[in-house]
Amino acid sequence: MVNTGGDRRPKYQRIADTLREGIRSGEYGPGDRLPGENDLMVTHGVARMTARQALSVLRDEGVAEARKGAGVFVREFRPLRRRGIQRLAQRQWGNGRSIWSADIENRSLEVDRITVADEAAPDGVAAVLSLADEETVCVRRRRFVLDGKPVLLATSYLPASLVAGTAITQEDTGKGGTYARLAELGCEPVHFREEIRSRMPSKDEASQLSMSAGTPVILVCRTAFTDEGRPVEVNEMTLDAASYILEYDFDA
């Protein structure tokens, strides 16, 4: 039975806390099956709906995942540590490495969907990039998959007149990626601004990222500037909040 100890919260939340603590303590490791509805009903003396709600809490938090016909298991996926400063250092992409290699260590990251096209600039993007009326942007849309799990949707906007005829307009931008190609054009990014907020995902975002119900997304909008202060890229990223830890390491 769950010891209430004067706790007025619903029973399913207290049961979820007990299971969560079991995961944190190592009683249930990655890939282990959690007690099922029948087990929880007997152990805690609750109705099936209460047991089901307790397990749903852990699924919604991204701590556990349901496997059809098998039960609910501790999620094996390790969150991706996004190192917000190190990943954008010139020594990273300037040496031909992807900025993503600063995040993934030895894990498997791939782009499984990519489109590149010239389009009309959204109003907000046109304003940030200081584009003239009717000036178009090169739009690069990608979906990133880590260890088989979709984790990120990214859309980059660059002035089409700046990048025309370069590898930036191709699916494969080459070693060092977009920023290395911009440097070759004499527009090397030397300063970045990131704006971060969070909200619940749209239906399309939740589908593309294979997200559990109740999981929010993190929105990161990054603008890259040259040494003269010219904005050369706006990158709008949608991250599965259950898949990321945002890390910022800097001196006082």
Side-chain angles (χ1 to χ4, degrees), residues 1-84 103-104 107 143-153 194-221 236-249:
M1 297 287 289
V2 175
N3 182 7
T4 64
D7 192 338
R8 295 179 178 274
R9 292 176 306 153
K11 288 182 179 179
Y12 75 87
Q13 291 185 349
R14 299 198 297 270
I15 296 171
D17 287 347
T18 300
L19 293 172
R20 193 186 301 106
E21 182 55 37
I23 295 171
R24 289 174 179 167
S25 69
E27 179 182 353
Y28 306 110
D32 285 351
R33 183 182 182 277
L34 292 172
E37 292 177 10
N38 290 337
D39 299 322
L40 296 176
M41 290 167 61
V42 172
T43 302
H44 299 286
V46 296
R48 181 173 300 278
M49 182 57 67
T50 301
R52 186 171 299 168
Q53 286 177 303
L55 292 170
S56 293
V57 169
L58 300 183
R59 292 201 306 272
D60 291 346
E61 291 176 351
V63 174
E65 59 186 1
R67 299 178 190 172
K68 191 172 182 180
V72 178
F73 294 77
V74 179
R75 194 179 185 204
E76 295 185 81
F77 183 83
R78 289 186 294 125
L80 178 62
R81 189 172 294 274
R82 184 181 187 273
R83 296 175 170 87
D103 303 335
I104 63 174
R107 302 171 71 182
R143 184 175 79 161
F144 292 80
V145 177
L146 181 71
D147 297 341
K149 166 71 173 69
V151 296
L152 167 71
L153 306 174
E194 287 194 344
E195 300 172 338
I196 302 173
R197 61 190 180 93
S198 182
R199 60 165 167 76
M200 298 307 296
S202 67
K203 185 175 180 179
D204 180 63
E205 290 167 341
S207 175
Q208 288 199 64
L209 292 172
S210 301
M211 296 174 66
S212 300
T215 304
V217 289
I218 301 170
L219 306 178
V220 181
C221 181
E236 297 179 340
M237 293 161 275
T238 303
L239 292 64
D240 173 4
S243 298
Y244 274 89
I245 295 172
L246 305 186
E247 177 182 301
Y248 294 90
D249 183 5

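For the single chain, residues carry numbers from 1 onward in sequence order.
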Quiz item: What are the two closest non-hydrogen atoms of Arg143 and Pro150, and how far apart are they?
Solution: NH1-CG, 3.8 Å
Quiz prompt | Salt bridge Asp17-Arg20, side-chain N to carboxylate O under 4.0 Å | solution = yes
Self-check item: Minimal non-hydrogen separation, Lys149 against Ser243, with atom names
Solution: NZ-OG, 3.9 Å
Quiz item: Is there side-chain contact between Val46 and Tyr12, with heavy atoms separated by less than 4.5 Å?
Solution: no
Self-check item: Heavy-atom side-chain contact between Ile15 and Thr43 under 4.5 Å
Solution: no
Quiz item: Does the side chain of Val63 come within less than 4.5 Å of Leu19's, by heavy atoms?
Solution: no
Self-check item: Nearest non-hydrogen partners of Leu55 and Gly36, listed with the distance
Solution: CD1-C, 4.4 Å
Practice problem: State whether the side chain of Ser198 and the backbone N or O of Val217 hold a donor-acceptor pair below 3.5 Å, judged by distance alone. | Solution: yes
Quiz item: Do Thr215 and Leu209 have side-chain heavy atoms sitting under 4.5 Å apart?
Solution: no
Practice problem: Check the surroundings of atom CE in Met49: do more than 12 heavy atoms from other residues, nucleotides or ligands lie under 6.0 Å from it? | Solution: no
Quiz item: Does a side-chain heavy-atom distance below 4.5 Å link Glu205 with Gln208?
Solution: no
Quiz item: Looking at CG of Asp240 and CZ of Phe144, how far apart are the two atoms once the value is rounded to the nearest 0.5 Å?
Solution: 15.0 Å
Practice problem: Can you measure from CD (Gln53) to NZ (Lys11) and round to the nearest 0.5 angstrom? | Solution: 12.0 Å
Practice problem: Indicate yes or no for a side-chain donor-acceptor contact from Arg67 to the backbone of Arg33 under 3.5 Å, with no hydrogens or angles considered. | Solution: no
Quiz item: Between Val74 and Tyr28, which heavy-atom pair has the shortest distance, and what is it?
Solution: CG2-CB, 3.8 Å
Quiz prompt | For Ala51 against Glu37, the heavy-atom pair lying closest together | solution = CB-O, 3.7 Å
Practice problem: Report yes if some heavy atom in the side chain of Asn38 is under 4.5 Å from a heavy atom in the side chain of Arg48; otherwise report no. | Solution: yes
Quiz prompt | Pairwise side-chain contact, Leu219 with Thr238, heavy-atom cut-off 4.5 Å (strictly under) | solution = yes
Practice problem: Measure the CD1-CG distance between Ile196 and Leu246 for me, rounded to the nearest 0.5 Å. | Solution: 5.5 Å
Quiz item: Do the side chain of Ser56 and the main chain of Arg52 share a donor and acceptor less than 3.5 angstrom apart?
Solution: yes
Quiz item: Considering all heavy atoms of both residues, which atom of Leu58 and which atom of Ala16 are nearest to each other, and what is their separation?
Solution: CD2-O, 3.8 Å
